[in-house]
Amino acid sequence: QSAHRAGLRSFIRYGWRWSWRVAAFVTIFNTVSTGLSVYRNKTTISNFASAGAFTGALFRMHLGLQGLAGGFVFGTMFGIPAGGLLMIMQKLAGETLQEKRNRERRELYEQKLAEWQSRLSVTDVLGQTESNAGGGPDVDMARE
């Protein structure tokens with residue numbers, strides 16, 4: 001029981017030290033890979049490799065040029081399988097993020113087009129009503 005408590009204490013102590021680093025790494029990796037995917041308008045393995053390389057180099061920059069190069073290689077080596085796994089999971093889900101983004105954009109366009117057309121048809125109906133109503137009083141004035 002005392003070993004269990006000691007293990008739990010060390011997990012809490014060292015887990016806290018590593019949790020913020022892992023969270024920062026994942027946040028930077030996802031931000032860079034998503035930014036590249038949006039900028040290039042496609043999702044490829046090279047986006048994930050570049051994101052891994054950037055993040056790895058950023059986290060090892062304090063070790064000098066060798067650390068920077070090592071982080072670059074290390075990040076690339078882990079970015080490729082991570083990106084491949086994410087792309088496979090998206091394919092298995094039935095729709096990739098790119099397909100979802102394009103579908104939502106198309107649906108929004110169709111919705112706005114339908115709204116615009118309905119407003120245009122209301123304007124046409126109002127124009128016809130005005131012309132019908134506008135001719136009536138003038139004709140009545142002329143008859144008097």
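Hydrogens, waters and symmetry mates are skipped; everything else that's a heavy atom, side chains included, is used. Just so it is clear, the structure is predicted and the values come from calculations on it, not from any experiment.
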Asker: Evaluate the side-chain proximity of Phe59 to Ile28: yes if any heavy-atom separation is below 4.5 Å, no if none is.
Answerer: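 Yes, at least one pair of side-chain atoms sits under 4.5 Å.
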Asker: Suppose we screen for ring pair (Phe, Tyr, Trp, His ring centres under 6.0 Å). Which residues come up paired with Phe54, at least two apart in sequence or across chains?
Answerer: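 Partners of Phe54 by the ring pair (Phe, Tyr, Trp, His ring centres under 6.0 Å) criterion come out as none, since no residue qualifies.
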Asker: Give, for atom OG of Ser50 and atom CZ of Arg40, the distance between the pair rounded to the nearest 0.5 Å.
Answerer: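 The CZ atom of Arg40 is 7.5 Å from OG of Ser50, to the nearest 0.5 Å.
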Asker: Calculate, to the nearest 0.5 Å, the distance between atoms CD and CD belonging to Glu115 and Gln111 respectively.
Answerer: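 Output value for this atom pair is 7.0 Å.
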Asker: Residues in ring pair (Phe, Tyr, Trp, His ring centres under 6.0 Å) with Phe29, at least two apart?
Answerer: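 For Phe29 there are no ring pair (Phe, Tyr, Trp, His ring centres under 6.0 Å) partners, ignoring immediate neighbours.
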Asker: Does Val32 share a hydrophobic cluster with Tyr39, counting links as ILVMFWY side-chain heavy atoms below 4.5 Å and allowing steps through other members?
Answerer: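 Different clusters.
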Asker: Nearest 0.5 angstrom please: Tyr109 OH to Trp116 CH2, how far?
Answerer: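 Nearest 0.5 Å value for the OH-CH2 distance: 9.0 Å.
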Asker: Decide, yes or no, whether a salt bridge links Glu107 with Arg103 under the criterion of side-chain N to carboxylate O below 4.0 Å.
Answerer: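 A salt bridge is present here (some side-chain N lies under 4.0 Å from a carboxylate O).
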Asker: Donor-acceptor pairs under 3.5 angstrom involving side-chain atoms of residues 65-92: please list them, not counting sequence neighbours.
Answerer:
from  : atom 1 : to    : atom 2 : distance (Å)
Thr76 : OG1    : Phe72 : O      : 2.8

Asker: Quick check on Arg119: does its CZ atom have over 12 non-hydrogen neighbours (other residues, nucleotides or ligands) under 6.0 Å away?
Answerer: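 Incorrect, the count does not exceed 12.
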Asker: Strictly distance-based, threshold 3.5 Å: is any side-chain N or O of Thr55 a donor or acceptor partner for the main-chain N or O of Gly52?
Answerer: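 Not at all, since once roles are kept as given, no pair shorter than 3.5 Å links the two residues.
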Asker: Side chains of Thr43 and Phe48, heavy atoms from C-beta outward: is any pair under 4.5 Å?
Answerer: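 When only atoms from C-beta onward are counted, Phe48 and Thr43 do touch, with a gap below 4.5 Å.
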Asker: Nearest 0.5 Å, what's the CG-CG distance between Leu113 and Leu120?
Answerer: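 Answer for the CG-CG pair, Leu113 versus Leu120, is 10.5 Å.
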Asker: Using 0.5 Å steps for rounding, measure from the CZ atom of Arg9 to the NE2 atom of His4.
Answerer: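 Going from the CZ atom of Arg9 to the NE2 atom of His4 covers 11.0 Å.
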Asker: Taking atom CD of Glu110 and atom CD of Gln117, what is their separation to the nearest 0.5 Å?
Answerer: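 One finds 11.0 Å between CD of Glu110 and CD of Gln117.
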Asker: State which residue, out of Lys100, Arg101, Arg106, fulfils the side-chain contact (heavy atoms from CB on, under 4.5 Å) condition with Glu104.
Answerer: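 The option that passes is Lys100.
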Asker: Which atom pair, heavy atoms only, marks the closest approach of Ala23 to Thr27?
Answerer: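 Heavy atoms of Ala23 and Thr27 come nearest at O-OG1, 2.7 Å.
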Asker: Could you check whether Ser37 and Asn47, counting side-chain N and O atoms only, form a donor-acceptor pair closer than 3.5 Å?
Answerer: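 There is such a pair (donor and acceptor under 3.5 Å, judged by atom type) between the side chains of Asn47 and Ser37.
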